[in-house]
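The chains referred to below are lettered A, B, ... by the order of the sequence lines, with proteins before strands, and numbering in each begins at 1. In what follows, every heavy atom counts, from backbone to side chain, and hydrogens, waters and symmetry copies are set aside.
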Amino acid sequence: MEEELMHELAAGYALDALDSEEERAYETHLAGCSRCQEEVAVFAQTAADLAYAAVPGAGPPSDLRGRILAAARSDREPLVRRPRRAYPTLAFAAVATAAALGIGAWAATVHSRATPAEALHGVPLRGATGSVVLGHDGEAALVVAGLAAPPKGKTYELWVLRGTSALPAGLFTLRGSGTTVVRLSRRVPKGARIGVTVEPAGGSAQPTTRPVALSAPV
Amino acid sequence: MPRDLAHLSDEAVLALLGRSEEAALAELYDRYGGAAYRLARRVVRDPNLAEDAVQDAFLAIWRGAARFVPDRRHAAAWIMTVVHRRAVDIVRREEHRRAKALDPADDSRPDRSAAEAVWLRLERERVQLALARLPDAQREVLELAYYGGFTQSELAERLGRPLGTIKSQMYTALHNLKDLIEGAGEEETWKKS
């Protein structure tokens, strides 16, 4: 999709009005587009204003408050006893980073019923500082710090690598010098690795350079 | 103890929530439960499903509060975003509900305080005024998307407009609404002078 048309989806995203496939595509775009991140944050505010215009009318039944508090109480107990996952700190770092971007945590909370501890695990990266964070359903995000900006006219491209096959999983550029979080545009099967290569702007169908970062098998 | 939280900002309450303080969840519900329920009910059209949406949303907030970066402007918007998403998920699952008329108010209860009721009324009027000033086609797209839970392609079909038109109308509409809401206060000042 053309860049300008992609930006236009910010409104539909803030209103929860994108069709599901387009929503996934837009979230991938959003992870690497600071213009859209700012716009979605502003639009989300306007959408929330619409909430207040909803209607005067019946309020909630008086027992709803108690039911929510009881559910929260019973929700907390198993969390305390759950065994720690392999990379809880990395997962937390990813979520915290996403939260710092102002979008990821928002999206994660909106779309997932799972807590970060149970929903995510991470595998480390070689070649760059960071990790690949995976949801239980194979959705994945790359969290990377300290990569240099790609040369002019080039982009970073993500790959799902399995045996001799390499499937493109999205393009990204860097946001400043801090940590970058990019959601992969395809799910990652068990045992695959995630690679990052430098490609000509617009991306390639197959990798044309050696990976600058490569994950352990997920 | 819960009484002590009433004077805290939303962000401070969310910070306590992130440390699993149950009183903070109660406080947040007291502040936003009413507005959340009315929004959910407008979208899902059914009192029981609206309760489900609100409960799901507050539990998601309970679990996700540790991840929320406090920001004065965004805390309330974040809460309403979570509620709206839950309501839309439910209405898309329960497709037939959309045809149903909105139930009349049956169990109306006053909001927590007179001050809250006044604030909510002012807020509602401010946004409704802004909505009323949008061109009809733009307002229609916004209202059907946000309150009706329709996706862009569903709207294209329902309204008989090309999908590309719906996308750009929705963008323009939300952009204009933002300007109208933000500009409402300034215009008042200008009229007086």
Need one label for B:Leu59: side chain, backbone, both or neither, based on atoms under 4.5 Å from any heavy atom in chain A. side chain

What are the two closest non-hydrogen atoms of A:Ala17 and B:Arg92, and how far apart are they? CA-NH2, 4.0 Å

Distance from A:Leu15 atom CG to B:Tyr171 atom OH, nearest 0.5 Å? 12.5 Å

In Å and rounded to the nearest 0.5 Å, what is the CZ to CG distance from A:Phe43 to B:Leu177? 10.0 Å

From the list B:Leu131, B:Val83, B:Leu174, B:Leu25, the residue making the most non-hydrogen contacts under 4.5 Å with chain A is B:Leu174

Are A:Glu8 and B:Ser168 side-chain neighbours, meaning at least one heavy-atom pair lies under 4.5 Å? yes

Considering only heavy atoms, which portion of B:Ile166 lies under 4.5 Å from any heavy atom of chain A: side chain, backbone, both, or neither? neither

Note, A:Tyr52 side chain near B:Met80 side chain (heavy atom, < 4.5 Å): yes

Answer whether the closest heavy-atom distance between the side chains of A:Leu64 and B:Tyr29 falls below 4.5 Å. yes

Minimum side-chain heavy-atom gap B:Thr151-A:Glu23 below 4.5 Å: no

From CG (A:Asp49) to CD (B:Glu182), nearest 0.5 Å: 9.0 Å

Is atom CZ of A:Arg126 surrounded by more than 12 heavy atoms (other residues, nucleotides or ligands) closer than 6.0 Å? no

Minimal non-hydrogen separation, B:Tyr146 against A:Ala48, with atom names: OH-CA, 4.3 Å

Hey, is the main chain of B:Ser153 close enough, under 3.5 Å, to the side chain of A:Asp19 for a donor-acceptor pair? yes

Evaluate the side-chain proximity of B:Phe58 to A:Arg67: yes if any heavy-atom separation is below 4.5 Å, no if none is. no

Before accepting this row, confirm whether a basic side-chain N of the pair B:Asp30/A:Arg65 lies closer than 4.0 Å to the acidic partner's carboxylate O. yes

Got a second to check how far A:Gln45's CD is from B:Ile181's CD1, nearest 0.5 Å? 9.0 Å

Among the listed options A:Leu69, A:Leu50, A:Thr46, the residue most often paired with chain B at heavy-atom distances under 4.5 Å: A:Leu50

Could you look at B:Val54 and say if it's the side chain, the backbone, both or neither that has a heavy atom under 4.5 Å from chain A? both

